[in-house]
Undergrad: 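Quick one: this structure, given as structure tokens, is what I'll be asking you about.
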There are 2 protein chains.
Amino acid sequence: MHTKPPNHALANTRAAILDLAERLLQEKGYNAFSYKDISSPLGIKNAAVHYHFPTKTALGVATLRRYRERFQEYIQGFEQSDADPLMKLNGYIAIQIDHLRNGYRICPLGILEAEYNTIPSELRAEAQALEKEIWFWVRGTLAAGREQNIFHFMGTSEDKACLISAALQGALQMARTAGQSAFFAIVRQLKRDLGLKE
Amino acid sequence: MHTKPPNHALANTRAAILDLAERLLQEKGYNAFSYKDISSPLGIKNAAVHYHFPTKTALGVATLRRYRERFQEYIQGFEQSDADPLMKLNGYIAIQIDHLRNGYRICPLGILEAEYNTIPSELRAEAQALEKEIWFWVRGTLAAGREQNIFHFMGTSEDKACLISAALQGALQMARTAGQSAFFAIVRQLKRDLGLKE
DNA sequence: TCTCTAACTTACTTATAAGTAAGTAGGTAG
DNA sequence: CTACCTACTTACTTATAAGTAAGTTAGAGA
């Protein structure tokens with residue numbers, strides 16, 4: 001049975017590496033974490049990380065890809081439960097709040113865009129893909145919400161989706177210097193600007 | 001005459017270092033540029049940069065301080081010319097457009113916040129100061145604009161100022177993956193959400 | 001003219017990064 | 001029981017980072 005997974009620690013170690021990489025990426029950035037930052041906390045050696053992810057680029061790509069997959073599953077969940085546009089928007093905001101409360105993390109997209117000129121092209125491609133996926137879904141959610149008279153705004157849902165995703169990305173970053181209250185001020189205002197009552 | 005500045009290249013070199021540091025900071029981030037990235041293009045040696053700025057922290061702080069001073073002079077210019085709130089807002093946006101067109105730079109605040117957990121505390125303090133200065137001025141501009149019936153928005157000018165500065169910060173970053181059009185989409189939408197016609 | 005100093009260069013040090021080659025332990029398949 | 005493979009470790013290499021100590025040079029001041 002060659003399809004049977006080996007009962008070693010592979011899956012665990014690999015997942016643990018990705019968990020840590022994701023956290024380090026959101027907390028410190030791609031350039032600012034090293035293999036040692038991953039291996040030491042896990043009690044393994046540097047080369048063990050290289051075994052699972054030969055290069056840092058590969059590690060970064062795998063981390064981003066998993067993040068994107070989770071995001072897709074998350075929004076798939078809304079489709080299957082017939083969530084209304086407001087619930088979807090709140091779901092998107094909830095992801096950001098989760099990042100905020102979990103050690104002032106920022107959106108992986110934010111860090112990759114900030115470091116854009118210094119990261120490998122494979123990672124840039126991942127960032128572009130994530131960016132598109134978020135924007136596309138937010139855009140659809142806004143359009144549906146307006147049609148159902150839940151959201152009220154001027155202009156196109158394309159533009160509004162750009163604004164909202166950029167604002168939330170900036171909000172998480174701003175929270176680092178200005179505190180969590182700045183983040184919630186932005187969420188509050190975004191909702192007001194959608195004609196939602198508080 | 002001990003107050004007379006030496007006619008060496010000091011002022012030029014020092015300013016040239018700061019110019020390059022500022023550009024590298026906005027293009028690649030604080031962690032991703034080295035003394036060599038500064039010395040080689042200027043045709044000087046590594047240690048020459050250390051002569052002017054003993055540590056990278058000192059260089060970073062000086063760069064940020066100069067940026068803040070320029071920002072203060074810029075907004076002072078508006079006060080002296082009795083610019084109306086819309087002109088002020090457009091002036092603020094013009095800074096961002098300038099960054100965008102000048103090699104997809106992002107706001108120094110954006111990069112420092114993204115790298116926040118990895119930078120020295122002195123730099124964090126500079127980031128906080130810049131953040132406060134921008135927010136304070138935007139807040140005042142929005143409040144005045146609303147009083148003069150130029151801007152129209154719900155909620156407090158505090159919240160709206162947070163949203164606008166975060167959105168523009170995010171907009172510059174987003175332009176790197178989504179192109180300049182994403183930036184202008186956000187500006188367009190921000191203006192619509194202030195009740196301004198296009 | 002002599003001296004001092006600002007603005008450097010030369011030549012290092014120390015630390016840390018990513019990455020690799022070769023070995024090993026323990027379970028698995030035949 | 002043997003051969004093999006997965007998941008590692010050990011022990012390196014190479015590159016680059018920030019930072020420093022000791023020189024060098026050109027011009028200004030006395």
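For the numbers below, each heavy atom of this structure counts, side chains included, while hydrogens, waters and symmetry mates do not. Letters A, B, ... mirror the listed sequences (proteins, then strands); counts begin at 1.
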Undergrad: Between D:dA18 atom P and B:K36 atom NZ, what is the distance in whole Å?
TA: 11 Å

Undergrad: Between D:dC8, D:dA18, C:dT9, spot the one nearest the side chain of A:Y51, thanks.
TA: D:dC8

Undergrad: Between atom CG in B:L24 and atom P in D:dA18, what is the gap in whole Å?
TA: 11 Å

Undergrad: Give me the atom names and distance for the closest heavy-atom approach of B:P41 to B:K36.
TA: CD-O, 3.8 Å

Undergrad: Which nucleotide in the set C:dA18, C:dT9, D:dA17 lies at the smallest distance from any side-chain heavy atom of B:A48?
TA: C:dT9

Undergrad: Nearest-Å distance, CG (B:N46) to C1' (D:dA21)?
TA: 15 Å

Undergrad: Output yes when A:R188 and B:E158 qualify as a salt bridge under the 4.0 Å nitrogen-oxygen rule, no when they do not.
TA: no

Undergrad: Whole Å only: how far is the NE2 atom of B:H50 from the P atom of C:dT14?
TA: 16 Å

Undergrad: Which of these nucleotides, C:dT10, C:dA18, C:dA21, is closest to any side-chain atom of A:A47?
TA: C:dA21

Undergrad: Tell me: NZ of A:K28 to C1' of C:dA17, nearest whole Å?
TA: 13 Å

Undergrad: Would you mind reading off the distance between A:N31 atom CG and D:dT16 atom C1', rounded to a whole angstrom?
TA: 14 Å

Undergrad: Closer than 4.0 Å, any side-chain N/O of B:Y35 to the OP1 or OP2 of D:dG19?
TA: yes

Undergrad: Contact class for B:F53 vs. all strands (heavy atom < 4.0 Å): base, sugar-phosphate, or nothing?
TA: nothing

Undergrad: Taking the side chain as everything from C-beta on, heavy atoms only, tell me whether B:R176 gets closer than 4.5 Å to A:N117.
TA: yes

Undergrad: Taking the minimum atom-to-atom distance to the side chain of A:H52, which one of C:dT9, C:dA18, D:dC8 wins?
TA: D:dC8

Undergrad: Which part of the nucleic acid, if any, lies within contact of B:K56, taking any heavy atom under 4.0 Å across all strands shown: a base, the sugar-phosphate backbone alone, or nothing?
TA: sugar-phosphate

Undergrad: Applying the side-chain contact (heavy atoms from CB on, under 4.5 Å) test to B:F153, which of B:D193, B:L142, B:D159 qualifies?
TA: B:L142

Undergrad: Rounded to the nearest Å, what distance is computed from the NZ atom of residue B:K45 to the C1' atom of nucleotide C:dT10?
TA: 9 Å

Undergrad: Side chain of A:S34 only, please: which of C:dG19, C:dA18, C:dT10 is the nearest?
TA: C:dA18

Undergrad: What is the distance, rounded to the nearest whole Å, between atom CD1 of B:I38 and atom P of D:dA17?
TA: 12 Å

Undergrad: Between B:T13 and C:dC8, is there a side-chain N or O to OP1/OP2 distance below 4.0 Å?
TA: yes

Undergrad: Looking at A:D19 and A:R66, is there a salt bridge between them, counting it only when a charged N and a carboxylate O are closer than 4.0 Å?
TA: yes

